[in-house]
Amino acid sequence: MKNKEEFKELYGWDDGNIYFMNEERKKEWCVSDNEELYNQLIEICRKYFKVNDVV
């Protein structure tokens, strides 16, 4: 990610959900609605923060 302004594909709102925007198709998906995908994202975050000594 170069800067926050350029990173628009994955984002969240105050509703506690995570969204993915496909700019080419002009379509939005709620990542949080897909349990398998959401769990994969959580595991990636856990591993990342553990390796980087953040957690």
Side-chain angles (χ1 to χ4, degrees):
M1 172 169 44
K2 294 180 183 177
N3 65 53
K4 290 182 181 182
E5 292 298 315
E6 291 181 28
F7 191 74
K8 298 177 183 178
E9 289 180 312
L10 195 62
Y11 61 96
W13 292 107
D14 291 337
D15 64 2
N17 290 317
I18 301 167
Y19 298 92
F20 176 80
M21 173 59 84
N22 183 318
E23 292 290 332
E24 291 177 8
R25 294 179 63 192
K26 303 295 184 213
K27 182 162 173 69
E28 173 186 272
W29 289 274
C30 182
V31 174
S32 306
D33 287 345
N34 183 317
E35 186 175 358
E36 181 182 352
L37 179 58
Y38 180 78
N39 289 335
Q40 289 176 19
L41 182 58
I42 293 298
E43 191 57 34
I44 289 168
C45 292
R46 282 186 185 131
K47 287 177 183 177
Y48 175 86
F49 288 116
K50 186 175 182 178
V51 167
N52 291 287
D53 201 28
V54 178
V55 188

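Sequence positions, counted from 1, serve as the residue numbers for this chain.
Considering only heavy atoms from C-beta on, L10 comes within 4.5 Å of I18 through its side chain. Side-chain contact check for N22 versus W29: some heavy-atom pair is nearer than 4.5 Å.
Placement of V31 and I44 in two distinct hydrophobic clusters is found when ILVMFWY residues are connected by side-chain heavy-atom separations under 4.5 Å, directly or transitively.
Considering only residues two or more places apart in sequence or on other chains, E43 meets the side-chain contact (heavy atoms from CB on, under 4.5 Å) condition with R46, K47.
Listed by first then second residue, pairs satisfying salt bridge (charged side-chain N to carboxylate O under 4.0 Å, His left out) with a partner in residues 26-38 read E23-K26, not counting sequence neighbours.
Counting non-hydrogen atoms of neighbouring residues, nucleotides and ligands closer than 6.0 angstrom, the OH atom of Y38 reaches no more than 12 such neighbours.
Interatomic distance, S32 OG to Y19 OH, rounded to the nearest 0.5 Å: 7.0 Å.
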